[in-house]
Amino acid sequence: MGQDASLFMQALSGTKTQRPPLWLMRQAGRYLPEYRATRASAGSFLDLCYNPALAAEVTMQPIRRFGFDAAILFSDILVIPHALGQNVWFAEGEGPRLDPVTNNSGLLALGAPGNLGKLDPVIETVVRVRKQLQEETGGATALIGFCGAPWTVASYMIAGKGTPDQAPVRLIAYQDPAFLQAMIDLLVEASTTYLVAQIDAGAQAVQIFESFGGALPPALFQRWCYEPVTRIIRSVKAQRPQARVIVFARGVGHNLMAFGGVAEVDALGLDWGVDVNWAARALQPMKTVQGNLDPLALMAGGEALAEGVRRILGALSDGPHIFNLGHGIQPTTPVAHVEELVRLVRGA
Ligand SMILES: Cc1c2[nH]c(c1CCC(=O)O)Cc1[nH]c(c(CCC(=O)O)c1C)Cc1[nH]c(c(CCC(=O)O)c1C)Cc1[nH]c(c(C)c1CCC(=O)O)C2
């Protein structure tokens, strides 16, 4: 079965499909009891990311339960700094922690961008998932690989944790742009190598998560979001033209138009702050759009969920559209609400 046989790949290739394909950002995770069970048996979160059998298992869990149209590789955006030699760990209940890198000597202590051997188990996970998808869905479910965008990953590398408004990286962007540029360049190179490896292992599409794009003032957007992300995409597409690329730049508003003008971008992710009627007019004529249900409408369920789904389908059904949330699913979301979402989107 060719890759265009899946609804998801058709939509990503610019086709308006009969119903929008559906998947959810962070669809493998703590809202699923079977994830919590596997996670408990794996050891640490990074142990789970680097265990191909278990990582493949949790990637498949939401596919088996909900029949989503795409699976997303189970890993994390912070495996790149980890592979480059930065100390990264996930403190229980606190989120990611890293030993901060704040100057050139810290950067020089990290490994070369081409040396990503630590990520071999993640690449092995991609191989396994693609095989399982082929066996269990006949290829009807596509496989998405991913990485974080350089600005978002750099914000963790510099601050050593998640920070309100990404103040540490923003300050460095003003105080020491040469250092930040060196870090971003390292991440562009490593991310490109990593995405090409995921594609070669079986990922049909890749998504770049610029989760903290909204922290960038307009004057800084071009240099720290648009340029690094576009460099990655152009390089990946030059090497693997068959791959499809989704940009999820959260909080950048009308700057999504900039990515709409990049020929190598196939789809634009819409966060829950984007007006879908604007997206239908301004973005969808250029690109497939993906999103943008508020994850809290899904958590709430009932009429809030039904109304959110109706509004999105009403605005975006005239062009290529992939149904998704406007950001990752929250851990306390009831599974029954996800089942309801699937029914609503499939019109069943
Ligand atoms: C910023 C970011 C991170 N990781 C990611 C982003 C970008 C997307 C976004 O903005 O949400 C991306 C990510 N993280 C994870 C995936 C796996 C695939 C999937 O989407 O199902 C993906 C695509 C697993 C994960 N990554 C993490 C978990 C939870 C850890 C656990 O199970 O203990 C999972 C399932 C940990 C993580 N990893 C990160 C944070 C902030 C946290 C802690 C917060 C949280 O727990 O949700 C960094």
Side-chain angles (χ1 to χ4, degrees), residues 24-26 72 76-78 80-81 95-96 98 146-175 177 180-181 183-184 187-188 191 206-233 245-262 265 267-284 286-287 289-299 308 312 315-316 322 324-330:
L24 303 181
M25 289 189 278
R26 306 291 289 269
I72 181 161
D76 199 82
I77 64 168
L78 298 178
I80 288 268
L98 308 84
F146 73 94
C147 71
W151 164 262
T152 292
V153 176
S155 79
Y156 282 106
M157 293 176 73
I158 287 170
K161 58 184 177 185
T163 45
D165 300 329
Q166 289 71 56
V169 67
R170 254 163 65 227
L171 186 59
I172 284 211
Y174 295 115
Q175 287 179 329
L180 183 57
Q181 189 68 59
M183 179 176 273
I184 295 275
L187 289 170
V188 166
S191 305
V206 291
Q207 175 157 318
I208 301 181
F209 286 90
E210 184 73 286
S211 300
F212 298 149
L216 284 160
L220 299 190
F221 170 82
Q222 179 83 13
R223 180 167 183 185
W224 303 117
C225 174
Y226 177 82
E227 280 176 13
V229 169
T230 302
R231 280 164 64 201
I232 293 172
I233 293 168
V245 177
I246 308 164
V247 175
F248 175 65
R250 186 165 75 97
V252 306
H254 287 225
N255 276 326
L256 284 173
M257 293 285 286
F259 288 112
V262 178
V265 171
L268 299 169
L270 312 177
D271 64 66
W272 43 264
V274 174
D275 174 349
V276 278
N277 294 310
W278 171 76
R281 278 196 316 274
L283 300 177
Q284 217 175 10
M286 297 187 282
K287 303 291 179 189
V289 293
Q290 172 180 283
N292 76 334
L293 185 72
D294 187 345
L296 296 193
L298 179 59
M299 191 192 287
I312 291 168
L316 300 177
I322 296 165
N324 206 315
L325 300 176
H327 196 203
I329 186 169
Q330 297 277 336

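- For the atom pair CG (Asn255) and CG (Leu216), the distance works out to 9.0 Å, reported to the nearest 0.5 Å.
- Here the side chains of Trp272 and Leu296 are not in contact, with every heavy-atom distance at 4.5 Å or above.
- The two residues Ile312 and Leu293 make their nearest non-hydrogen contact at CD1-N, 3.3 Å.
- Looking only at side-chain heavy atoms (C-beta outward), Arg26 and Pro295 stay at 4.5 Å or farther from each other.
- Counting only heavy atoms from C-beta outward, the side chains of Tyr156 and Pro96 approach each other to under 4.5 Å.
- Scanning for salt bridge (Lys or Arg N to Asp or Glu O under 4.0 Å) contacts around Arg170 gives an empty result, with sequence neighbours left out.
- Scanning both residues, Ala149 and Val229, for their nearest heavy atoms gives CB-CG2, 3.7 Å.
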Next item on the list: With side-chain contact (heavy atoms from CB on, under 4.5 Å) as the test, would you mind laying out the steps for Phe248 and Gln290 before giving the verdict?
Entry: CA-CA 9 Å; Phe248 175 65; Gln290 172 180 283; 5.7 Å; no
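- Atom CE of residue Met257 and atom CG of residue Leu268 lie 10.0 Å apart, to the nearest 0.5 angstrom.
- The backbone N or O of Ser211 lies less than 3.5 Å from a partner atom in the side chain of Thr152, making a donor-acceptor pair.
- Using a 4.5 Å heavy-atom cutoff, the side chains of Val262 and Val247 are not in contact.
- Atom CD1 of Ile77 sits about 12.0 Å away from atom CD1 of Ile208, to the nearest 0.5 Å.
- Gln284 places no side-chain N or O within donor-acceptor distance of the main-chain N or O of Arg281, the cut-off being under 3.5 Å.
- Nearest approach of Leu187 to Pro150, heavy atoms of both residues: CD1-O, 3.5 Å.
- Here NZ of Lys161 is found 11.5 Å from CG of Leu98. Values are rounded to the nearest 0.5 Å.
- Heavy-atom minimum distance, Met286 versus Gly261: SD-N, 4.4 Å.
- The minimum heavy-atom distance between Val252 and Gly214, with the atom names listed, is CG1-N, 4.2 Å.
- A perpendicular orientation is assigned to the rings of Phe221 and Phe259, their planes being inclined by more than 60° (bins at 30° and 60°).
- Remark: side-chain polar atoms of Asp165 are not paired, donor with acceptor, to backbone N or O of Ala167 under 3.5 angstrom.
- Under the 3.5 Å distance criterion, the side-chain polar atoms of Asn292 are matched with a main-chain donor or acceptor of Asp271.
- Counting only distance, with no hydrogens or angles, the side chain of Asn324 and the backbone of Met25 share a donor-acceptor pair below 3.5 Å.
- Here the closest non-hydrogen pair linking Gly260 and Lys287 is O-CE, 3.1 Å.
- Looking at Ile232 and Val245, their side chains never come closer than 4.5 Å, going by heavy atoms from C-beta outward.
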Next item on the list: Check the pair Leu298 / Leu24 against side-chain contact (heavy atoms from CB on, under 4.5 Å), numbers first and verdict last.
Entry: CA-CA 11 Å; Leu298 179 59; Leu24 303 181; 4.3 Å; yes
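- In this structure, Cys225 and Phe212 have side chains that are not in contact, with every pair of non-hydrogen atoms separated by 4.5 Å or more.
- Separating the CG atom in Leu180 from the CD atom in Gln175 is a distance of 11.5 Å, to the nearest 0.5 Å.
- Separating the CD1 atom in Ile72 from the CZ atom in Phe209 is a distance of 4.0 Å, to the nearest 0.5 Å.
- Counting only heavy atoms from C-beta outward, the side chains of Ile184 and Glu227 never approach each other to under 4.5 Å.
- Side-chain contact between Val274 and Val289 is absent, with no heavy-atom pair separated by less than 4.5 Å.
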